[in-house]
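Working notes, beginning with the structure itself.
Read the numbers this way: they start at 1 and go in the same order the structure lists the ligands and their atoms. Predicted, not measured: the structure shown is a model, and the values here were computed from it. Counting from 1, the numbers follow the sequence of the chain as shown.
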Amino acid sequence: MRISDILRVKGENVVTVPPDMPVEVLVTELARHRIGAAVVSRDGTAVEGIVSERDVVRALAERGPAVLAEPVSTIQTTQVRTVTPDAQLEDVERLMTERRFRHVPVVVDGRLAGVVSIGDVVKNRIDELETERTTLADYITGERS
Ligand code: AMP
């Protein structure tokens, strides 16, 4: 399965935040959209960074609540790993596991085209296993040849 198959179902909508947004506002955005990370972008298309709830927690632990007034740019990750829609789901799974992050932006010609989260990966894995199980069960019980 390719990443484009996931985006076809899920859509290309990505929550982006500008680098000068205060962390306090970022937190409300993450909660409002029920997501764990946002892509940092001034124009909504070029990926400048990524900021996740883990970055907020780490910064709070290290610097205390004053961090809430700081801009997102002070806690974001700027070396963002991205993939193209033709990437294989398995490769993205491996990337997430090896690099220990749960979000990967999808980029086409330098423009943001979606985001894949660990939740999407797990959902598709379960769907695949369920389809495989049904096919095997039908084969064994003779409902399909
Ligand atoms: P996450 O597991 O996605 O909440 O993120 C864990 C850490 O990895 C945080 O410091 C994020 O800023 C960073 N991160 C998340 N996604 C990516 C990515 N695609 N490329 C690089 N760093 C990332």
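More than 12 heavy atoms of other residues, nucleotides or ligands sit less than 6.0 Å from atom CD of E128. Within 6.0 Å of CZ in R63 there are more than 12 heavy atoms belonging to other residues, nucleotides or ligands.
Counting only residues at least two apart or on different chains, the salt bridge (charged side-chain N to carboxylate O under 4.0 Å, His left out) pairs with a member in residues 107-122 are K10-D120.
Pocket lining of ligand 1, defined as residues with a non-hydrogen atom under 4.0 Å away: I50, S52, R54, D55, R58, T77, Q79, V80, R81, F101, R102, H103, V104, P105.
Atoms CD and CD, on E70 and E24 in that order, are 12.0 Å from each other to the nearest 0.5 Å.
A salt bridge links R102 to E53: one of the charged nitrogens lies within less than 4.0 Å of a carboxylate oxygen. Ion pair D5/R2 not flagged as a salt bridge, since none of the NZ, NE, NH1 or NH2 atoms sits closer than 4.0 Å to an Asp/Glu carboxylate oxygen.
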